[in-house]
Structures are given as C-alpha cells and as structure tokens.
Amino acid sequence: MYRTHTCGELRAPDAKKTATLAGWVHARRDHGGVVFIDLRDRYGLTQVVFNPQEKPQLADLAHTLKFEDVIEVAGLVRPRPEGTLNPHIPTGQIELAADRLTILSRATPSPFEIDLAPGRSKVAEETRLTYRYLDLRRGAMQRNLLLRHKAAIAMRKFLDAESFLEIETPFLYKSTPEGAREFLVPSRANPHQFFALPQSPQVFKQILMVAGFDRYFQIVRCFRDEDLRADRQPEFTQLDLEMSFAHQGDILSLIERLMAAVLKECLGREIPLPFRRIPYREAMDQWGSDKPDLRFGMEIADVTEAVRASPFKVFSETAARGGSVKALAVPGGAGRYGRAQVDKLAQKAVALGAKGLAWAKLEKAAAGWTGPIAKFFDAAAQKEIGARAGAKDGDLLLFAADNWEKACAVLGGLRLSIGAEMGLIPADRFEFAWVVEFPMFFHSEADGKWVAGHHLFTNVHPEDAAKMEKDPGGTRSLQHDLVLNGHEIGGGSVRIHDWELQRKVFGILGMTEEEAREKFGFFIDVLKSGAPPHGGIALGFDRIVALVAGEENIREVIAFPKTHKGTCLMTGSPSRVTDKQLDELHIQLKK
RNA sequence: GGGGGUGUAGCUCAAUUGGUUAGAGCACCGGCUUGUCACGCCGGAGGUUGCGGGUUCGAGCCCCGUCACCCUCGCCA
C-alpha cells in the first residue's frame, strides 16, 4: 500500500506513531526554510511539515511541489506546537513531520482551484464540465456522490430485506411507437434494423411478474431523446420496482418506508408516515399542479359560483361556458405588489397560458376592493369572493378564468413564483405526497382521440371500471405519482393483468387487436399466459439524490452529465464516425 | 422549434455617456522569506473582449448574423 492512513484520519492520540500518507498537494506554504503542505484525499486534509534542520534535502524537494501534484509522504505524527493548532480541520491538532517524500505524479497548472467548501462552485459550469475530472475533486461533488452512493445502498438494503430481487434487463431493446423519442442503435449483423435503448424497463419488469419473480427491483439507466431541463438528462437513473399480488396501498406503503429509510440513512432524518394521498382533482383545485409543493400554504380557491351572475363578463361568460374562475389570495400582497409588479405577474400568467390576469387589492375590508375590476363587484359579492379565497386585509387577489385545468395551472404557476419571491418556501423541509386518481384517458385535441393518461398498461380505478367505455374522460386510473417539495420523483400504477380489460383499453385508444398485436405483439401472449395481479413504480433516482443533497440541478449529483444540448464537453461526444464504421452498419448519411 | 439570460487574461470579476496603452484578485514564472494554514514581500509574463460582419474619426460598449453554455415553453406514454 502507498499509505497507512488517510488524510482525514490522524488525531491527537495518534502522536508519536509513524504514518505514510498519499494524496494531492492542496496547498503549499513555503517559508523559504520550513515548508508546509496541506495534503488532500477524499477523506480530508493533513498538514505535512518539511523542516530543513531535520531533513535539508527533503525540504529542497518540497520547495518544488505544485498544486495537485500527487505525493507519498512518510514521517512521524506529532502534536502541533502550542498556538499553531488549526480548529478549522479535524486533523488540526497534529501534523506529519516528513522524513520521506516520493513524488508520484507532477501536475500541470489547474484551470481552477479545488474548492473544498460545500455549496455552489464559483466557476462557470461550462468550465467545470470541460474539466470534470478536476471538478469532481471539489468537496461539494465528493459529498454529493457519496450521498448518491449511500442512497443506492439504503435502497438495496431495504428492498433486499423485503424479499425483492435485483434483476437486470436488456439495454438493447425493441423500438416501440409509444412514449418518448428513443435513441436508436443500428444492428451490424442485421442490416437496416435497429435496436432502441429503453425509456424504462416497463415491459420486462411486467414479464418478470408473469414469470413468477414476485418482487423485482433494479437501479437502472433509462434513455430518452427529448430536450433537457435542470431535472432531465438524456440518460438518467431510476429505481425501478414491481410487485405481484399487491394492491395500490401495498405499493404506496412500501415506497413510503423505503423513502424513510433513505432519508434516515443519508441525512439521519425521520419523516412522518404515511404520506398524504391527494386525488389529482384536488391537487389541481387547491395547488394548481399535479405535483404540489406542500411546504407552504397560499391555496387556490374556486369562486366560479360566486361570479356566475357577475356583470364582469370575463368571469360570468367563463362560468356560463362551463369553465372555472379560480382565485388566489396573496398575503400582504396589496402593499408589496405595486402596479409594475402586478404587471409582471400578469406577464407571467400569459406565459403560463392565461389570456390575462384579473386582480384586486383588499387594503381594508371596510373600504372595499381597489383595482380595475373592483367596480364590477358590490360589497356583498366582494365579501363572498373574499371569504371563499380566504383573503384578509392587505391581501392581493389574483383571478384566472379559463377551462378548469388551465385556470388552476395558471394560478398554480403564480403561487410558486410568488411563494419563492416572498420567501415563503422553507428550504429544509421534506413534504412528501402521493397524487392518485389520475384521469385514465386524456382527449387529444390534436388527433381527436383518446390517449392514455399514464401508459397503456395502467389499470382502471375499480369504482370507475363500469363506466370506462361510456365515459373515458371521467374514468380514473390506478396511477400513483410520488411528489416531494413540488417535484415529481416517481410514478407508477397497478397494471392490467387481464387480457380482456387490456383489449377494451386498446379499443378506447382506437386500436384494433390486429394493430395492438403489430405494436405490442408478444406482450399480448404474455398477458394470456397466466399473469398475476401486479403493479409498481419507478423513482427518479437522480432527482431524489438532488433533493436530498439540496441541489437544484441533477447534474450536481451525476458524475458525468450531459450539457443542455446533450453533449459531453469533456469527451467531445457525440462526434462523427469514420466511413468504414458507417459502411459496416449499412448507413449512409444524408447531405 | 419559440422566449429569456450569460460570454473580457488559466479562474473570478471591473472598465463613466462610444474616447488614448482593456485593469484587479487568485493562479502561473523569477527572486526573497524557518511555524504557516486565504502565509507574507519584491518583480515579471499573460488579452483576436466567443466568432463574423456593419455603423462611426474612434466599438469591450451600438446594430445584424452566428456559436457555446444556462433557465424555460413546446416535448418528456
């Protein structure tokens, strides 16, 4: 071994031991005579002293050391002289008096300094990604990847104890027409044919249930060729899981205990169980989102009935058309939001898809509303609307009038940005919730037909099974989404295990059995071969680690992430390939 | 594909209304320095202001185009 101890290990009681350390030169303080080196590895820093009175040649060599050189150094651990202890590092009571130094590797000057402090790097992300091998030496990245490892271990340990088996599924998979755009892989041995990288192991995990494996999980990479976001990478990691002979409640309770185990293991935090279970309808009504941030209040109210007879036509006509008028009371907003700020909110509302933003200020209830729409509402109407919205003196009232979903979503978007602006969102809370009872089908206006709310194999809510074919739009499914602090961190469902029901669903989606067979072929036979009731979930592993680490961007918890455009700045991928490679794959490039 | 933001030395930033030779800290190079821990002191080198074009007597600054990175809408069953 190159070392007897790590750089984070030695303490006062280790004094008088001899030790050998190996690591990177983090800092050098050269006094001409005595030279101090802070030696770094992932465990910490230890001060090494080179004293010319004790070892003159060694001190000379130490003068030549540079940042990020890799060295091995042996010597005596000794307490630091009185008055020179460093309280800022755990090894600050001791130092290593060097009597042997080996330079293992010389380093060229680093483009940026290796910052051990936690938190945001001062260096531009573009530079960090170009030199990721240096960026990963930073304290924050070391901590994040350690946390990621701990989360994965906690999940495996928990699921193993619950009799789950980790089983691998293929990356070279069949292209399927539904869902996200896929990455394609040409098959050399089969000219003109392609594999697709899986968006998720969905089909395979259901097959494992049919095969009798009962309880499966996998921490697995998934691939989607869609545009990126702060929380989306083209390849990302899921905790994928499926269980047989389980009702929806069994799956939810299992995942609750799993998340509790992860937070306990990673942060030492206890979280209260069970999580709230919120029907989709209620999530939209109260928070204007299917992934509500429950860390703060400011809930949305429905005032459609209170404005139905109003002379303000934007409201009354929306109500008459069957739309909704929703209201959001911003506490203290009357004083805080001046005309220019309200205009900005209106711009935001338009960006969220609203036609406009109606508003009123409630300085003092006795004095009535102020603002452009105040004149349309008499004292009684103002009182009723105010009461429904929960408005108090000094509040700003915001209104959205549109179809139900849009009206909710607009105020939901404003709620989030106002909450952030006003500092209402506590950073250190973990507010979990399940969103359930999603619509089984959405009507696609583009194609004029029904599309699956979740995926094609999602089971129908038992209370709605009878009306599914008569009223697809009013049918709820057994989908469940896991939400944490306003982020969707998982989604799944109880699956259809009965071929007759699956055939009905294909029918509602406008697919004949022949078309279904063409698209899903073998899977129909799988379902007909004796399929147990089963269901599962996929958790967004990167997102969970990011939230646990307090990071807003999943790139901060992925060792080698892609840029916003899906490229790798360090390796320079993607890149062109040779004509010979293309030739072997029977591929010709378009001009 | 649409909207917004950023781009000046290796890194982080500055540069009055368009005005002379584009500055600072850190890093780098040379010298000095025996108890520092953001060590200190003296000196030095380092720039196609992302790239291309335009306006102007004169452009880091204004205009057009383009590229890269970030945020976001669409998209992500």
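Letters go in sequence order (proteins before strands), and every chain restarts at 1.
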Phe204(A)-Tyr216(A) aromatic ring centre distance below 6.0 Å
no
Determine whether a donor-acceptor pair (one donor, one acceptor, N or O, separation below 3.5 Å) exists between the side chain of Arg80(A) and the base of C37(B).
yes
At 4.0 Å (heavy atoms only), tell me whether [X] reaches a base, stays on the sugar-phosphate, or touches nothing.
| X | result |
| --- | --- |
| Ala452(A) | sugar-phosphate |
| Arg28(A) | nothing |
| Thr567(A) | sugar-phosphate |
| Asp225(A) | nothing |
| Glu95(A) | base |
| Gln47(A) | base |
| Arg78(A) | base |

Measuring only the [atom1] atom in each nucleotide, how far is [N] from [M]? A whole number of Å is fine.
| N | M | atom1 | value |
| --- | --- | --- | --- |
| G58(B) | G44(B) | C1' | 32 Å |
| C32(B) | C70(B) | P | 47 Å |
| G35(B) | G30(B) | P | 23 Å |
| G18(B) | G74(B) | C1' | 40 Å |
| G10(B) | A45(B) | C1' | 13 Å |
| G54(B) | A59(B) | P | 12 Å |
| C42(B) | U6(B) | P | 38 Å |
| G25(B) | A68(B) | P | 35 Å |

When you check the phosphate oxygens OP1 and OP2 of [N], does a side-chain N or O of [X] lie under 4.0 Å from one of them?
| X | N | answer |
| --- | --- | --- |
| Thr84(A) | U36(B) | no |
| Asn86(A) | G35(B) | no |
| Arg29(A) | U36(B) | no |

Within a strict 4.5 Å, meaning less than it, do heavy atoms of the [X] and [Y] side chains meet?
| X | Y | value |
| --- | --- | --- |
| Val545(A) | Asn144(A) | no |
| Glu235(A) | Lys562(A) | yes |
| Val48(A) | Glu95(A) | no |
| Lys66(A) | Thr108(A) | no |
| Leu239(A) | Phe217(A) | yes |

Strictly by Watson-Crick or wobble contacts shorter than 3.5 Å, is anything paired with [N], and which nucleotide is it?
| N | answer |
| --- | --- |
| A24(B) | U12(B) |
| C41(B) | G31(B) |
| U55(B) | none |
| C69(B) | G5(B) |
| U36(B) | none |
| G46(B) | none |

Of the candidate nucleotides [options], which contains the atom at the shortest distance from the side chain of [X]?
| X | options | result |
| --- | --- | --- |
| Val123(A) | C11(B), G35(B), C28(B) | C11(B) |
| Asp30(A) | U36(B), U33(B), C37(B) | U33(B) |
| Glu113(A) | A68(B), C11(B), C26(B) | C26(B) |

Is the Phe457(A) ring parallel, tilted or perpendicular to the Phe523(A) ring (thresholds 30°, 60°)?
tilted
Examine the side chains of [X] and [Y] and answer whether a donor and an acceptor come within less than 3.5 Å of each other.
| X | Y | value |
| --- | --- | --- |
| Gln47(A) | Arg29(A) | yes |
| Ser175(A) | Glu182(A) | yes |
| Thr130(A) | Arg128(A) | no |

Distance in angstrom units between [X] [atom1] and [N] [atom2], rounded:
| X | N | atom1 | atom2 | result |
| --- | --- | --- | --- | --- |
| Lys565(A) | C71(B) | NZ | C1' | 16 Å |
| Asp60(A) | C32(B) | CG | P | 12 Å |
| Gln93(A) | C37(B) | CD | C1' | 15 Å |
| Tyr131(A) | A27(B) | OH | C1' | 13 Å |
| Lys66(A) | A27(B) | NZ | P | 13 Å |
| His455(A) | C76(B) | NE2 | C1' | 15 Å |
| Leu129(A) | G7(B) | CG | C1' | 16 Å |
| His63(A) | G31(B) | NE2 | P | 12 Å |

Let me know, please, whether Arg555(A) or Arg224(A) comes out on the 5' side of the other along RNA chain B by nearest nucleotide.
Arg555(A)
With Val494(A) as reference, evaluate Gln248(A), His534(A), Gln479(A) under the side chain to side chain contact (heavy atoms under 4.5 Å, CB included) test and give the passing residue.
Gln248(A)
Are the ring of Phe36(A) and the base ring of U36(B) both nearer than 5.5 Å at their centres and tilted by less than 30°?
yes
Tabulate atom names and distances for all N/O pairs under 3.5 angstrom spanning the protein and nucleotides 72-75 of chain B.
| unit_1 | atom_1 | unit_2 | atom_2 | d |
| --- | --- | --- | --- | --- |
| U72(B) | OP2 | Ala230(A) | N | 3.2 |
| U72(B) | O4 | His564(A) | NE2 | 2.9 |
| C73(B) | OP2 | Arg229(A) | NE | 3.0 |
| G74(B) | N7 | Arg229(A) | NH2 | 2.9 |
| G74(B) | O6 | Arg229(A) | NH1 | 3.1 |
| G74(B) | O6 | Arg229(A) | NH2 | 3.3 |
| G74(B) | N1 | Asp227(A) | OD2 | 2.7 |
| G74(B) | N2 | Asp227(A) | OD2 | 3.3 |
| C75(B) | O2' | Glu226(A) | OE1 | 2.5 |
| C75(B) | O2 | Arg232(A) | NH2 | 3.1 |
| C75(B) | N3 | Arg232(A) | NH1 | 3.3 |
| C75(B) | N3 | Arg232(A) | NH2 | 2.9 |
| C75(B) | N4 | Arg229(A) | NH2 | 3.4 |
| C75(B) | N4 | Arg232(A) | NH1 | 3.3 |

